[in-house]
Structures are given as structure tokens and as C-alpha cells.
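In what follows, every heavy atom counts, from backbone to side chain, and hydrogens, waters and symmetry copies are set aside. In what follows, chains carry the letters A, B, and so on, assigned in the order in which the sequence lines appear, proteins first and then strands, with residues in each chain numbered from 1.
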Number of protein chains: 2
Amino acid sequence: MNVELTERKKKVLRSVVDLYIRTAEPVGSKLIAELPDMQYSSATIRSEMADLLAMGYLEQPHTSAGRVPSAAGYRLYVDELMAEYRLSLDETKSISSAIEEKMQKVDKMVEKVAKLVSQATDLPAISVASRYGGATVSRFDLILAGQGSIILVLMLSSDEVVNKLIKLPVQLEENDLKLLAALLNATMTELPVEEFNQALLERVMRSAGAGASLVPIVMEFVVDTLNRQGSTNMAVAGQMRLLGQPEYRDVDKAQRLMTSLDEEALSNLPAVMQNTNGTQILVGPEHVARELKDTSVVMTRFDIGDGMQGMIGVVGPTRMDYAKVTARLSYFAESLSKMFAKPEQPQLPEAGKEE
Amino acid sequence: MNVELTERKKKVLRSVVDLYIRTAEPVGSKLIAELPDMQYSSATIRSEMADLLAMGYLEQPHTSAGRVPSAAGYRLYVDELMAEYRLSLDETKSISSAIEEKMQKVDKMVEKVAKLVSQATDLPAISVASRYGGATVSRFDLILAGQGSIILVLMLSSDEVVNKLIKLPVQLEENDLKLLAALLNATMTELPVEEFNQALLERVMRSAGAGASLVPIVMEFVVDTLNRQGSTNMAVAGQMRLLGQPEYRDVDKAQRLMTSLDEEALSNLPAVMQNTNGTQILVGPEHVARELKDTSVVMTRFDIGDGMQGMIGVVGPTRMDYAKVTARLSYFAESLSKMFAKPEQPQLPEAGKEE
DNA sequence: TTTAGCACTCATTACCTTTGAGTGCTAAGC
DNA sequence: GCTTAGCACTCAAAGGTAATGAGTGCTAAA
């Protein structure tokens, strides 16, 4: 359809989007004409805007109102027109120091990241972490803990360590445990989840001797853990920030969007994870989702070590400050990747420091 | 001031509150007169209501409007007038089955409970868990995990088990670890957090031999863990549900309340924890908090085993269905207490079940 | 090709009127 | 002496109309 926009048209379009992002009000020709670096009169702007309207880049809420960017307009804006937003030193600093505070476990981390991103962008944020490879157990340990309690420690291929306290009616000796641990290590390490079946259970139990009654419990826990590992972990934070946006003064609208977030986001994101890995922007109706029409999503991937990848994103009105949001999100992703790249520096002896 | 209310006045007051809770609209004399078990005419009701107004139990938004309960009116209502709400079988079932799904760790649990409570009451909910006694380490274990990695396993006095993967540049033998573990168990168990000081560190390091470089790392982790154990854990969920309430159609109001929740709740709750341990209801201006005027809080304690106590509560408009909310909350608290009372039933061998 | 000018459109706002729910008071009834 | 019917009065909410003004489209001149 349209071959190419003239430079002037682009300039006008950019101005419209910029202004609309700032004010959330339809922008008129006069306003643009008064912009410092705009050398044409409002009449000229008017005719340019009429063209842009015809081309589908702008929309008109009603006859005598200013113009508003259409979805296509936003698309063009984010793809070509948008000025790079340069993060100020303050901004990078506050993001970095926020991330600095060590994140403990992965599931906790996901929540914290969501919260931080939401804070940094003043929009609702989503954070997802998921493993691509299935983890396996790389090592079993059994520790006797007194009064018939046993601690089961699993070390996973992902270098994570999980444990479970098992209270057994049976009395077991230190030696029984050693034997059982050896057996488990011999038969159950490096196995993907799928292979933990009834057959394996029976085979192992037969050789287990005194500790046989422990085996099913161990297996259940292993399967549980590996499944949990494989699953996706996601968190939403700062939903309330939507209310700060003028387009969601309508409570019903805000509510509808927010309730759809939990389920909706989930179904959308896998698709994105497989695609490009820069920052991705979904504008309005491009969504698969049903009623997120005047809503946009900006998201970025980041690397976590150990076979995991993460994604952070924000949700907001189509009229959001894409430049700023993108910049902050990217910086966030970068910082996170960096942080995970040097995990748990071989720590130098230094005690008593607290978060 | 007022000595006692006549039965009839009480009946009228109860009707006003009941109706207002249902409709969120000022209630007029005619409406009450038409109530099935009300044997007086609207004129009589009117004069009774005038009295109640004078006594401060009712308020009048404007001259020609119906009446609305005042804070004092709500207070009287929840203290004396409120009819017990009987949970239906359906309700108890859905609450129970929601809780049934095992909650893993305490911090995860807090969030889950908040979510469940919010769901059950359709209001924003808070959930807090905190330990009263300081935990101690009751057992140390060190496990060699290949490539210079060591797994440190702590068993706490609360029966929780935590671990940490330590990557050390130094190479340590199985035997070194055994010795170190024995040393740690001899010197660092049963100690409250406060005693982990520089002196202890130095003393232990002196006797540690080959594993000396590990000691500071272990200690840092221990201190960290014990502090975390002592700290309060709290979660807020379902903030968005506020928007469903007509009094918070005003977005600004909802937003103000919600932002104040995070900090405010924190400062309020300790006070309550120490007080009564039934269900407690804070009505409107009784709050310590600043701008929670037409907001009430209903909360209940519940027992977690192992030196912990929990609290669940909801936040909502003063006009909330106290009876229903209280009933559900109490049932929740009971179920939770019960669940924690029989933790981790000595499990019978049974494998392959998943959540 | 650009711009000034002007008639026109239409959402928003302000202002006024109407409506009706609900009250307070008084006088009659039980 | 309670209770209740009746009635004038109040006032928020709803509806309807007019004024306002931002912004447009078009035309004619520069």
C-alpha cells in the first residue's frame, strides 16, 4: 500500500506520538506547529495529519478533535521513529543497586525481579523464569538427624540443592543409610523425570535392604522436585500502578485487564520466548489476547545460568513511553544476565555481613 | 453517656447495618418498615432512627437522605448485634480443599494463604507469619559434591532444613570435612544468633585445621539464616478486589489505600499479635493509620507449629459483611492450625502421586 | 507549496429544571 | 402515651439546553 513516508510526515507522526505519550490527550495541529523545531504552520501540519489519517497511522476520536496514533502508528513509531532514550546515571545506578541485593532462590527471585521492574517503570510487570532442559539429580545424600528423622539432600544437575526432612517410624542405622545412599547414587542419578516409574521403584526397592521403606518417599520427592524444576515460574507485580494511568481511570477496565493478566500472560509468553531475543514490543491488537486492545506489552529476555532463561516485561497503555520503558527494561535484563553470569563468586573469607 | 438501647432500637440499628452492608446505599425508614419481621410503620422507625442519629450510632449524608451506620454503630453491631454467619457445607469444603494442597515452605505458604483468604472473602488479604523464639542450628552437615563444591546442610531447631552450595578454591578431603563438621556441631549448635561474633569465629577457626577457610562462610550463612528465621514474613494479595467494592470506584481512593497497605499493615500488626487471640475487628477511625477512615480490618491468629504464629486478615470498606468475613476467616484459621498440628504425617510408602 | 482566514463540528462544561426518595413535624387514632 | 397517617419541605441525582472553545476542512491569496 504505502510506499514510503516523506521525512516531514515522519516528523509530524513522531511529534504526535511523543506528545500523546506525554499528555494522554488527542493532539491538535496547533500544538505541533508550536513545537520548537517545527518550521511549518498549523495549516500545513493539518494537511499532513490528514494524509497520515488516510494512511491509517493516525485516528480521530471525533470530527473536531485532535489526532491519536493508531496501532499502525505506534508500530511505525517503535520500529523507526522512536528516539533512543539515554538512561541517566541516576537511573542506571538505582536499577543496579536494586539488583545488587542478592536474590536467593529462583522462585523468590522471580517475584523480586517483577517488583523491581514494576518499580523502575511505574507499570505492572511480569517476570518469568523457566528451564529449557529437564534437570536431573546428580547426587543423593542421606543424613541421620536423630529421633528417627532423616534429611534427604538432592543435588541437581542445575547445581541447585534441595532437601527434605523425612520422619520415619522405622529405626535406621548410620550404616543402612550409607548403603542406601550409595544405591540411590548408583541407580537414580542423571535420570530424566520420565524414567522414574514403577519398574524402577521396584528394582531399587529389591536391592535396598533395611532402607527399602524409604525408597518410595525418596522417589516421590525426586519426581516432585524435578517436575517443579521443569515448570515455569512467573510472578506479576505492581498491578495497582495501572490505576495511575489515565486510560485506566475506568475501574472496570483496569479490573478486566488485571484479571486477564494472570491467565493471559501465561498463554502468550511461550510464543515470545522462542522468537527474537532482543526487546520485543507488542502493540494493541497485535496481541493474541482478547480484550487488551489499547494495551501494549514490552518484554525482554535475559540469561540465567544453568539452563534457565528469564523474561521480564511490563504491561501498560498503548500510549506508554516506549523509549524510556525499553531502555530501562534492557538495562535491567543486561544487569540481570551479568549478575547471573558470575554467580556466587568464590567467596573470600568475610563474615558477619547482612542484607 | 447512653445507658442502654431498647430492644427496638437495637433491632432497627441491626436492620440498618444489615441493609447497608447489602446495598451500599443509605437506608431509609420505609425500606426498614417493609422488612418481613418489622411490625412498625415507617414513621415509628423514623423516630427511632432520629434517636439513634442523636446517639451517634447513625449518620446522615444529607438532610433528605437515608441513614448510614457511623463507626460507633458498626462497633455496636459487630460486638453485640451481628448474627452469627453459618458457613454452608460448600463454603467449608472449598476452603478446606484449598488448604489441603500442601504448602511447601513457610515463605511460600504465607503468600499462598494470603491468596486463598483473598479468594474466599473477595477482599484484599494480608497474611503474616513470624516466629516468636529465636531459632538455633541443631545440626551441621557438610557434603562433598565434586569439583571443589561443598553442600552445607543446616538442621534448625524448628525442624526446618536449609542448605547452601559452597564453591571453594581449596581442595578438601572427605576426612577434613568430617572433622570440620564435628567441630561445628560441637561449638556452634544451640547457639542463638547473638553469640555468633568475631570471638567465636576466631576460636573456631583456630581449631579448624584444613577447613579453616570454610568457617567464615559457614558462619555468615548461619547468621543470615537465623536472622531470616526470626524475621517476619508477610504477604498481601488480591488488592485488585478492592475495585469491586463500590466505595472504591474512586480510583484515587483505592490507590491511596493500597499503597498505604504495604507499610501501614506492617506497623499495625505487631500490636494486634500481642493482644487478644480471637478474631479482631478494627472499624474505621479506630485504626492507628492515617487515611483508612472508611476502612475496616478483620483479622485472626492461627497456630503454626515450631514456635511460629500466623495471622490472616482482610481489608475492606467499613461496610463489609462482617459476619460472613469473620466466619470464613475463623474457619480458615482453624483449618490452618489443624493442618499445622499434624505436619508431615509419617508417610506410608506410596509413590508417584503428584500435585 | 505554504499559509491565513473562516465557517463548521462536536465534546465538554455550566446552568437550570424536574423528579423522587426521604425526612421532620403535627395531628389524629388506638 | 405510643403509634401512625398525612403533608410540606429538602436536596441529590437526572435530564435537558445553551454557551464555550478546541480543532478541523476548505478556499483563496501569497
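- For the pair B:Ser70 (side chain) and B:Gly56 (backbone), a donor-acceptor distance under 3.5 Å is present.
- Side-chain contact check for A:Thr279 and A:Tyr322: no donor-acceptor pair (N or O, by modelled atom type) lies under 3.5 Å.
- Rounded to whole Å, atom P of D:dC9 lies 18 Å from atom CD of B:Gln60.
- Dashed line: the shortest gap from a side-chain N or O of B:Ser42 to OP1 or OP2 of C:dG22 is not under 4.0 Å.
- For the pair A:Glu34 CD and D:dA22 P, the computed distance is 11 Å after rounding to whole Å.
- When each of B:Glu48 and B:Pro61 is assigned the nucleotide of DNA chain D bearing its nearest heavy atom, the one mapping closer to the 5' terminus is B:Glu48.
- Under the side chain to side chain contact (heavy atoms under 4.5 Å, CB included) test applied with A:Arg319, the options A:Pro69, A:Ser296, A:Pro246 reduce to a single match, A:Pro246.
- The separation between A:Asp51 atom CG and D:dC26 atom P is 12 Å, rounded to whole Å.
- For C:dA4, the OP1/OP2 oxygens have no side-chain nitrogen or oxygen of A:Arg46 closer than 4.0 Å.
- Rounded to whole Å, atom P of C:dG20 lies 17 Å from atom CD of B:Glu25.
- Paired with B:Val314 under the rule side chain to side chain contact (heavy atoms under 4.5 Å, CB included), one option of B:Val298, B:Val297, B:Asp122 passes, and it is B:Val298.
- Mapping B:Gln39 and B:His62 onto DNA chain D by nearest heavy atom places B:Gln39 closer to the 5' end of the strand.
- Of the side-chain N and O atoms in B:Thr44, one or more sit less than 4.0 angstrom from OP1 or OP2 of D:dT4.
- Rounded to an integer number of Å, the gap from A:Leu31 CG to D:dA22 P is 11 Å.
- Within the nucleic acid shown, A:Ser47 has no heavy atom closer than 4.0 Å to any nucleic acid atom.
- Taking 4.0 angstrom as the limit, A:Ser41 places a side-chain polar atom (N or O) nearer than this to OP1 or OP2 of C:dT3.
- For A:Tyr40, counting side-chain heavy atoms from C-beta on, the closest listed nucleotide (D:dG25, D:dT3, C:dT2) is C:dT2.
- Nearest to the side-chain atoms of B:Ser64 among the listed nucleotides C:dT3, D:dT24, D:dT10 stands D:dT10.
- Look at CG on B:Leu58: it is 11 Å from P on C:dG24, rounded to the nearest Å.
- Taking CZ of A:Arg46 as the reference point, atom OG of A:Ser41 lies at 7.5 Å (rounded to 0.5 Å).
- Following rounding to the nearest Å, A:Arg67 (CZ) and D:dT24 (P) show an atom-to-atom distance of 5 Å.
- In this structure, A:Met49 atom CE and D:dG23 atom P are separated by 9 Å, rounded to whole Å.
- Nucleic acid contact for A:Thr63: sugar-phosphate only, since backbone atoms but no base atoms lie under 4.0 Å from a heavy atom of the residue.
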